[in-house]
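One structure is given below, encoded as structure tokens.
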There are 2 protein chains.
Amino acid sequence: MSRVEQDIRDKFRRSGYTLTSQRRAVLDALRDSDGHPSAEEIYLAVKKKNPRVALGTVYQALSVLEEIGVIDTKHWSDSPTRYDLNTEPHCDIRCVRCGRVDEIPDVDLGDLHSRLQPNTPYEITEAALVVEGICPACRT
Amino acid sequence: MSRVEQDIRDKFRRSGYTLTSQRRAVLDALRDSDGHPSAEEIYLAVKKKNPRVALGTVYQALSVLEEIGVIDTKHWSDSPTRYDLNTEPHCDIRCVRCGRVDEIPDVDLGDLHSRLQPNTPYEITEAALVVEGICPACRT
DNA sequence: TGCCAAAACAGGAATCGTTATTAGTTGAAC
DNA sequence: GTTCAACTAATAACGATTCCTGTTTTGGCA
Ligand SMILES: [Mn+2]
Ligand SMILES: [Mn+2]
Ligand SMILES: [Zn+2]
Ligand SMILES: [Zn+2]
């Protein structure tokens with residue numbers, strides 16, 4: 001059993017949630033995708049193996065996986081939520097033409113959170129970069 | 001007539017759109033709000049003066065105002081789109097408890113766009129900061 | 001192994017923010 | 001004043017997500 005796999009099992013055990021076949025299938029679909037699928041895309045992939053799964057189950061599985069820290073969610077306007085197995089802090093860019101999402105490597109903006117905190121009386125809980133552009137394939 | 005007012009008229013004239021009473025009312029509602037209302041909030045404010053306006057008209061007005069550069073839109077997950085009369089590049093933070101939005105002053109991250117561009121083959125079109133936290137009033 | 005309660009699921013209805021449709025109104029240009 | 005494109009009101013439709021209900025599966029335990 002791989003290290004990540006053991007890590008996932010640990011997170012499930014600690015959380016009290018059970019690693020059901022549906023939740024495993026969602027994880028597998030994420031792993032087999034090219035990185036940042038939507039719930040609908042995951043649903044379609046999962047249905048190929050098990051046609052009885054419901055879309056609502058995929059959403060519920062994703063929310064559990066996020067809660068226990070196995071996956072991250074990313075949001076762009078004009079796009080359904082994307083899910084990411086890479087839970088390290090990193091920056092993703094979305095193509096406004098085809099919807100493809102890729103990571104932008106080597107982005108170091110320091111710790112956004114701590115750089116913004118001195119300038120606001122709010123207690124910052126989240127600070128993220130949302131980046132859009134046109135991917136190489138869509139540049140004509 | 002104030003400088004901003006003249007500026008708005010210029011933008012309408014140049015665009016070919018007409019500055020109708022409904023669009024003016026949407027602008028007034030934005031100006032009278034405390035900064036970052038949703039379409040629904042703007043709609044409610046506009047309806048007080050003119051009960052016949054439709055929500056769709058508010059959305060259409062806002063989309064025209066954004067297109068000609070009079071207002072900006074900001075997006076957070078778990079919140080309807082917020083509209084902002086301040087079209088200067090700046091950072092806004094949203095309270096996850098009450099939904100209030102305020103600006104974070106003196107944020108200088110350099111030009112995000114040009115700092116990210118060297119690290120991706122995408123042609124970047126948008127780069128924004130999305131920040132959430134708990135406002136002073138909601139800190140118990 | 002068989003039973004039970006709790007958790008998870010499938011299917012479908014409901015919700016929310018937003019956009020599209022359509023018929024009617026307005027108002028600037030002639 | 002007439003005309004015609006732009007605009008509006010009302011309402012239907014939409015996509016993403018959540019909620020609900022009855023059924024199935026699961027893990028704990030006799
Ligand atoms: Mn990523
Ligand atoms: Mn602002
Ligand atoms: Zn593309
Ligand atoms: Zn608050």
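Quick caveat, the model's predicted, so the values are computed rather than measured. In what follows, every chain begins at residue 1, and chains take the letters A, B, ... in the order their sequences are listed. We use all heavy atoms of the structure for the numbers below, so side chains are in, but hydrogens, waters and symmetry mates are not.
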Take the protein atom [atom1] of [X] and the nucleotide atom [atom2] of [N], then report the distance between them rounded to whole Å.
| X | N | atom1 | atom2 | answer |
| --- | --- | --- | --- | --- |
| A:R52 | C:dA10 | CZ | P | 8 Å |
| A:H75 | D:dA16 | NE2 | C1' | 12 Å |
| A:Y59 | D:dA16 | OH | P | 7 Å |
| B:Y43 | D:dA10 | OH | C1' | 10 Å |
| A:I42 | D:dT17 | CD1 | P | 10 Å |
| A:Q22 | C:dG11 | CD | P | 11 Å |
| A:L62 | D:dA16 | CG | C1' | 13 Å |
| A:Y83 | D:dT17 | OH | C1' | 8 Å |

Less than 4.0 angstrom between a side-chain N/O of [X] and OP1 or OP2 of [N], yes or no?
| X | N | value |
| --- | --- | --- |
| B:T81 | C:dT18 | yes |
| B:Q60 | C:dT18 | no |
| A:T20 | D:dT26 | no |
| B:T57 | D:dA9 | yes |

Inset, instruction - Mark yes when over 12 heavy atoms from residues, nucleotides or ligands other than A:R24 sit less than 6.0 Å from its CZ; otherwise mark no. - result: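 Yes, the 6.0 Å shell around CZ holds more than 12 heavy atoms from other groups.
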Legend entry - Crowding at CG, A:D78 (>12 non-hydrogen neighbours, <6.0 Å):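 Open.
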Inset, instruction - Would you classify B:S38 as touching base, sugar-phosphate or nothing, given that sugar-phosphate means primed atoms plus P, OP1 and OP2, and contacts are heavy atoms under 4.0 Å? - result: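 No contact at all - B:S38 keeps every heavy atom at 4.0 Å or more from the nucleic acid.
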Inset, instruction - Please tell me which of the listed nucleotides, D:dA6, D:dG27, D:dA9, lies nearest to the side chain of A:T18? - result: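 Comparing D:dA6, D:dG27, D:dA9 against the side chain of A:T18, the answer is D:dG27.
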Inset, instruction - Select one nucleotide: of D:dC7, C:dT18, C:dG11, the one nearest the side-chain heavy atoms of B:R23. - result: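 In terms of side-chain proximity for B:R23, the closest of D:dC7, C:dT18, C:dG11 is D:dC7.
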Inset, instruction - Ignoring hydrogens and angles, state whether a donor on the side chain of B:E66 or B:T73 is under 3.5 Å from an acceptor on the partner side chain. - result: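 Yes, a side-chain donor-acceptor pair sits under 3.5 Å.
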Legend entry - Ion pair B:D7/B:K11, N-O distance below 4.0 Å: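 Here B:D7 pairs with B:K11 in a salt bridge, since their nearest N and O are under 4.0 Å apart.
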Inset, instruction - For B:Q22 and B:V53, indicate whether the former's side chain and the latter's backbone hold a donor-acceptor pair under 3.5 Å. - result: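 It does not hold such a pair.
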Inset, instruction - Hey, which sits more toward the 5' end of DNA chain D by its nearest nucleotide, A:L19 or A:P80? - result: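 It is A:P80, whose closest nucleotide lies nearer the 5' terminus.
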